[in-house]
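Everything below concerns the one structure shown next.
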Amino acid sequence: MDAPALSGLRLPKGDGSQVVRLRRGSSLTDFADKIDANPATLVTVLFNLGEMATATQSLDEDTMAALGAELGYVVEIVSPEDEDRELLESFDIDLAAEEAGELAEDLVARPPVVTVMGHVDHGKTKLLDAIRSTNVVASESGGITQHIGAYQIMTEHDGISRPITFIDTPGHEAFTAMRARGAQVTDIAILVVAADDGVMPQTVEALNHAQAAGVPIVVAVNKVDVDGANPQKVRAQLTEYNLVAEEFGGDTMLVDVSAKKQIGIDNLLDAVLLTADAALELTANPNKDARGVAVEANLDKGRGAVVTVLVETGTLKVGDAIVAGTAHGRVRAMFDEHGETVNEAGPSRPVQVIGLTSVPRAGDTFLVARDDRTARQIAEKRAAAERAATLAKRRKRITLEDLRKALEQGKVETLNLVIKGDVSGSVEALEDALLQIDVGEEVALRVIHRGVGAITQNDVNLAGVDNAIIIGFNVRFAERIEDLAEREGVDVRFYSVIYQAIDDVEAALKGMLKPEFEEVGLGSAEIREIFRSSKFGSIAGCLVRSGEIHRGSKARVTRGGIVVGENLQITSLRRFKDDVTEVREGFECGIGLGSFNDLAVDDVISTYEVREKARA
């Protein structure tokens with residue numbers, strides 16, 4: 001605490017054990033408020049520590065930790081979840097206490113929320129069309145789903161009419177994007193596989209996303225009515241991905257359906273309800289303010305922000321003041337999936353809401369506030385915190401190099417990998433080899449997705465959500481994806497030799513991964529004459545043959561191709577009587593190599609630098 005940074009400054013000093021809790025991207029003003037200090041004084045302290053920042057500038061975690069250590073405080077950065085919880089608690093909204101205080105008699109059964117996933121042309125939308133008995137496909141461009149929609153249907157099960165909510169996503173990208181914002185809206189995933197095509201790459205991707213989310217899976221084997229359909233082949237293929245059908249002794253329900261001919265639809269809905277009843281306990285309290293998730297949002301010219309929300313608990317009513325992410329407003333009107341107006345929506349009910357002042361993101365959580373003013377304040381504080389976090393550039397995912405540090409701090413138990421390769425055989429071989437690595441019980445290796453082809457936005461999104469590292473084997477980024485990976489802080493490694501990938505992952509698991517370095521030649525000079533100096537030793541009069549000679553660079557001396565001097569340094573460099581920093585090709589110069597004097601005419605002095613090598 002007697003460092004020069006604190007000399008002459010009046011500051012409240014900590015004893016080394018006091019904890020200061022700061023949100024992401026906090027400024028020196030925020031820190032000063034916590035310790036009752038003058039922000040200008042903290043600017044001075046930080047300047048003396050070698051960092052320049054204004055009092056209101058957002059700072060990263062490492063800078064705050066260094067400043068805290070200097071002042072005798074332990075800085076603790078609040079996680080985004082804790083940050084939002086503390087923000088809500090400041091408005092007397094304690095969601096955790098509210099849930100803990102709920103009695104069993106407050107809870108009622110709610111419908112399951114189902115997401116339909118699968119390969120691009122295996123009939124996802126046709127299946128939903130058959131379930132809803134509405135012609136959704138006809139309105140889609142090229143038969144591909146262009147939007148996220150949520151719908152609720154009624155079905156007879158054991159003589160009782162029961163509702164099921166379906167979320168129709170444009171693919172597992174949206175599913176993962178919602179997970180990235182902490183929205184776990186799906187209870188069950190229906191994986192659609194065409195009986196004539198079998199398991200395809202996107203089928204595997206969808207399966208991996210559902211398994212990563214930890215939701216039960218029901219498989220709909222579609223197109224059983226077409227020529228070449230082979231449902232048994234699909235069942236056999238799925239066993240390779242840990243989906244074993246009940247008839248094979250497993251616990252996954254596989255249902256043969258034909259969306260086109262309306263075959264097996266009732267059986268599929270029964271399977272969904274049976275899975276929900278057996279594996280999940282779906283309850284919610286409808287008698288409180290609503291909370292839920294924004295499934296889809298868009299800006300309509302005539303109606304303003306139109307948000308499709310899924311109520312998770314409580315009941316949403318027309319007139320409620322709501323905040324969704326950084327958007328807020330009052331519910332002016334609500335509509336169901338048929339465009340009919342509704343006055344209230346209970347748990348697991350999807351509705352379109354009009355009245356927000358801006359458009360939230362898909363996956364943002366929403367809640368009902370006391371009044372418009374509270375909703376606006378919560379939204380503004382969230383937006384400010386988000387901006388500060390972005391400015392601080394703290395969104396850095398785990399890399400192979402910092403895996404060991406994370407392990408020591410107890411942050412990571414499993415290293416998640418996404419593997420992409422040029423051919424499926426290479427991917428399988430690499431996955432098998434990686435899963436055979438054994439480094440004890442402190443950390444496990446888990447491949448959350450594997451696939452063939454370039455690294456896509458989908459891969460980066462999945463790696464970002466599950467804190468995974470992407471390994472590319474003989475593949476590269478798809479167009480514009482490299483910037484996304486860099487922005488998201490996802491660690492991507494490229495390899496062309498399989499054992500290099502294995503060695504790197506094994507070394508990372510052992511915490512021994514070291515950067516590789518390579519030597520890069522800068523220039524060479526031929527000695528034409530030797531000058532002796534009592535003050536400087538031997539000076540080589542040279543002609544620069546190639547590149548540039550820089551003062552201070554590393555050098556070696558070769559004589560007839562044999563190295564006679566290694567690990568040397570250009571200590572002096574002169575042009576005539578002038579000291580210079582560099583001499584280019586074709587010019588003469590005088591070179592001094594410090595205490596090394598074993599020089600001869602026609603020797604070659606080569607200069608180089610050592611750079612960290614990018615892994616290929």
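Atoms considered below: every heavy atom in the structure, side chains included; atoms not considered: hydrogens, waters and symmetry mates.
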Between atom [atom1] of [X] and atom [atom2] of [Y], what is the distance when rounded to the nearest 0.5 Å?
| X | Y | atom1 | atom2 | result |
| --- | --- | --- | --- | --- |
| L254 | L191 | CG | CG | 8.5 Å |
| N242 | Q211 | CG | CD | 6.0 Å |
| I419 | I471 | CD1 | CD1 | 6.0 Å |
| Q457 | E479 | CD | CD | 12.5 Å |
| T275 | I217 | OG1 | CD1 | 10.5 Å |
| M64 | S26 | CE | OG | 5.0 Å |

Listed partners of [X] passing side chain to side chain contact (heavy atoms under 4.5 Å, CB included), at least two apart:
| X | value |
| --- | --- |
| T326 | R382, A383, E386 |
| T456 | K420, N458, D459 |
| I263 | S258, K261 |
| V359 | A297, L299, A305 |

Trace of the side-chain contact (heavy atoms from CB on, under 4.5 Å) decision for L88 with L367: CA-CA 10 Å; L88 295 177; L367 57 89; 3.7 Å; yes
Residues, nucleotides or ligands: over 12 heavy atoms within 6.0 Å of E240 CD: yes
Over all atoms of both residues, closest heavy-atom pair of [X] and [Y]:
| X | Y | result |
| --- | --- | --- |
| G264 | V255 | O-CG1, 3.9 Å |
| G451 | V427 | O-CG2, 3.4 Å |
| V490 | A463 | CG1-CB, 3.7 Å |
| T203 | G198 | OG1-O, 4.4 Å |
| I455 | G472 | CD1-CA, 4.3 Å |
| F166 | L269 | CZ-CD2, 3.7 Å |

Intermediate values then yes/no, side-chain contact (heavy atoms from CB on, under 4.5 Å), E205 and N208: CA-CA 5 Å; E205 286 188 13; N208 290 333; 5.6 Å; no
Audit row: V219, V193, side-chain contact (heavy atoms from CB on, under 4.5 Å) steps and yes/no: CA-CA 7 Å; V219 180; V193 189; 4.1 Å; yes
Carboxylate-amine/guanidinium proximity below 4.0 Å for R291 and E312: no
Pair K223 + D225: basic N to acidic O under 4.0 Å: no
Side chains of residues 243-250: which donor-acceptor pairs under 3.5 Å do they make with residues two or more places apart or in other chains?
from: E247; atom 1: OE2; to: R235; atom 2: NE; distance (Å): 2.5
from: E247; atom 1: OE2; to: R235; atom 2: NH2; distance (Å): 3.4

Find out whether [X] and [Y] are in side-chain contact, i.e. whether some heavy atom of one side chain is under 4.5 Å from a heavy atom of the other.
| X | Y | answer |
| --- | --- | --- |
| P360 | V307 | yes |
| V295 | V309 | no |
| E609 | K554 | no |
| V257 | N267 | no |
| V460 | I481 | yes |
| V505 | I437 | yes |
| T155 | L273 | yes |
| T115 | H209 | no |

Flag, side chain of E482 to backbone of R476, donor-acceptor distance under 3.5 Å: no
Check: V199 main-chain N/O paired with Q237 side-chain donor or acceptor under 3.5 Å: yes
Test item: side-chain donor near acceptor, D504 and Y495, under 3.5 Å: yes
Check: T63/E51 side-chain N/O donor and acceptor closer than 3.5 Å: no
Verdict with reasoning, V113 to I167, per side-chain contact (heavy atoms from CB on, under 4.5 Å): CA-CA 7 Å; V113 180; I167 296 179; 3.6 Å; yes
Listed once per pair and sorted, the ring-ring contact (aromatic ring centres under 6.0 Å, His included) pairs that draw on residues 457-480, sequence neighbours left out: F477-F494
